Amino acid sequence: MYTQPLTSLAHPGSPPGMTESVRQQTGAGQGVRPGLPVAGSPPLSAIRIPGVWRGTDWQAGAGPQVWPSGHAALDAELPGGGWPGNALIELQQPAHCHAEWALLLPALAARVRQHAASLGDSRMGQLVLVAPPYLPFAPALQAAGIDAKRLCAVQPGRSAQDLAWACEQALHCRDVLAVLAWLPELPASTLRRLQLAAASQGRPLWLWQELQAEPHSSPAALRLRLERVTADSAAQQAPGLRIQILKRRGPLLERPIQLALSQWAWQPVLQAQAQRHARQSEEAAMLMQGRMTAAAPATASPWMTEA
């Protein structure tokens with residue numbers, strides 16, 4: 001049996017080894033350069049490939065995997081207009097900062113309400129706290145719309161690898177909305193595993209760490225550095241929070257973001273404290289009224305006569 005070599009099927013003038021079918025697909029010999037879009041094909045900007053993003057699309061409209069932070073100045077600089085809901089978010093802050101709930105409470109409260117409304121059950125959806133340095137103020141969470149029963153805390157005292165394992169298991173739990181973890185510096189392999197778990201399960205993981213002197217590479221999709229700003233009457237500067245974006249899917253942010261704490265941080269706490277004091281006063285008044293009623297002497301009935 002005689003077989004004709006492939007080189008004999010190539011069109012004259014085409015590159016060596018190019019057959020007739022390949023030449024027709026690439027447009028060789030027809031005035032079309034290989035690698036350029038053919039007339040009638042969609043432009044490159046219209047082609048969407050899952051998992052691939054362009055630098056010009058970092059401010060695209062918020063999708064289902066984006067959680068609005070509740071702070072307009074911060075949303076304007078975050079890719080998609082909010083927190084990534086399916087990624088590892090690394091935040092660095094000094095040991096005395098403690099800006100966790102002031103920063104995340106609006107986004108968490110909005111997500112809890114949305115999740116409860118979609119399922120019709122206000123008890124569904126848990127927030128897992130891994131090694132928190134302190135427990136949050138329950139009345140403030142209640143005032144913001146988060147029931148304290150939704151919180152599930154993993155107490156510190158274990159090794160960093162055990163706590164990272166707890167984070168990974170929580171991300172795989174179906175009833176978990178988000179994970180907040182306060183862990184020391186972790187190896188890159190552990191961070192990659194946590195990022196993969198958050199991306200595959202579609203849940204965010206906020207990883208809080210102490211401020212580090214030297215930056216290092218991280219697989220986190222978003223990295224922030226937080227610092228409290230004290231009030232300065234001379235400069236007419238109110239107390240607030242300065243946020244520097246170290247890593248994001250987009251251009252480098254030259255200037256830090258300034259958030260005013262006086263507008264949103266302490267108001268829910270003060271309102272919750274006032275509501276708690278009012279409730280305690282009502283309970284004390286009812287209790288005292290019940291005691292006075294029980295201690296009052298019984299009056300004789302007019303229908304009773306002496307025997």
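Start at 1 with the first residue, then count along the sequence. These values consider heavy atoms only, across backbone and side chains, with no hydrogens, waters or symmetry-generated copies. Remember, predicted model here, so these are calculated numbers, not experimental data.
In this structure the side chain of Leu103 reaches within 4.5 angstrom of the side chain of Trp83, judged on heavy atoms. Residues Pro187 and Arg193 form no side-chain contact, since every pair of their non-hydrogen atoms from C-beta on lies 4.5 Å or further apart. Proximity of Glu210 to Glu185: side-chain heavy atoms (C-beta onward) are nowhere separated by under 4.5 Å. Contact check for Pro136 versus Leu129: side-chain heavy atoms found under the 4.5 Å cut-off. Inter-residue side-chain proximity for His96 and Arg228 is flagged as unmet; no heavy-atom pair is nearer than 4.5 Å.
Heavy atoms only, all atoms of each residue included: Ala107 and Pro68 are closest at CB-O, 3.3 Å. Taking both residues in full, the closest heavy atoms of Gly82 and Leu78 are given as O-CB, 3.5 Å, listed atom of the first, atom of the second, then distance. Closest of all the heavy-atom pairs between Pro133 and His98 is CG-CE1, 4.3 Å. Scanning all heavy atoms of the two residues, the minimum distance from Leu191 to Ser218 falls at CD1-OG, 4.0 Å. Considering all non-hydrogen atoms of both residues, Arg158 and Asp162 come closest at CB-CB, 4.1 Å. Pairing each heavy atom of Asp75 with each of Ser69, the nearest pair is OD1-OG, 2.5 Å.
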Check the pair Leu183, Cys167 against side chain to side chain contact (heavy atoms under 4.5 Å, CB included), reporting the backbone distance first and the verdict last.
CA-CA 10 Å; Leu183 302 181; Cys167 294; 4.2 Å; yes
Start with the C-alpha distance between Leu141 and Leu151, add both sets of side-chain angles, then the distance that settles side chain to side chain contact (heavy atoms under 4.5 Å, CB included), and finish with yes or no.
CA-CA 10 Å; Leu141 296 181; Leu151 303 182; 3.4 Å; yes
Apply side chain to side chain contact (heavy atoms under 4.5 Å, CB included) to Glu168 and Leu194, showing your working.
CA-CA 6 Å; Glu168 187 176 2; Leu194 293 177; 4.1 Å; yes
Stepwise, does the side chain to side chain contact (heavy atoms under 4.5 Å, CB included) test hold for Ile146 with Leu105?
CA-CA 9 Å; Ile146 300 179; Leu105 191 57; 3.8 Å; yes
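With rounding to the nearest 0.5 Å, the separation of NE2 in His71 from CD1 in Ile257 is 10.5 Å. Taking NZ of Lys149 as the start and CD of Gln142 as the end, the distance is 9.5 Å to the nearest 0.5 Å.
No side-chain donor-acceptor contact under 3.5 Å links Gln244 and Glu227.
Using cut-offs of 30° and 60° for the angle between ring planes, the Trp182 and Trp208 rings count as parallel.
The side chain to side chain contact (heavy atoms under 4.5 Å, CB included) test with Trp206 singles out one residue from Leu222, Val179, Leu224, Leu108, and that residue is Leu108.
Val176 and Leu205 fall within the same hydrophobic cluster, where Ile, Leu, Val, Met, Phe, Trp and Tyr residues are linked whenever their side-chain heavy atoms come under 4.5 Å apart, directly or through other members.
Within a 6.0 Å radius of CD in Gln169, other residues, nucleotides and ligands contribute more than 12 heavy atoms.
Ion pairing between a basic and an acidic side chain is recognised when a charged N comes within 4.0 Å of a carboxylate O; Glu77 and Arg248 show such pairing.
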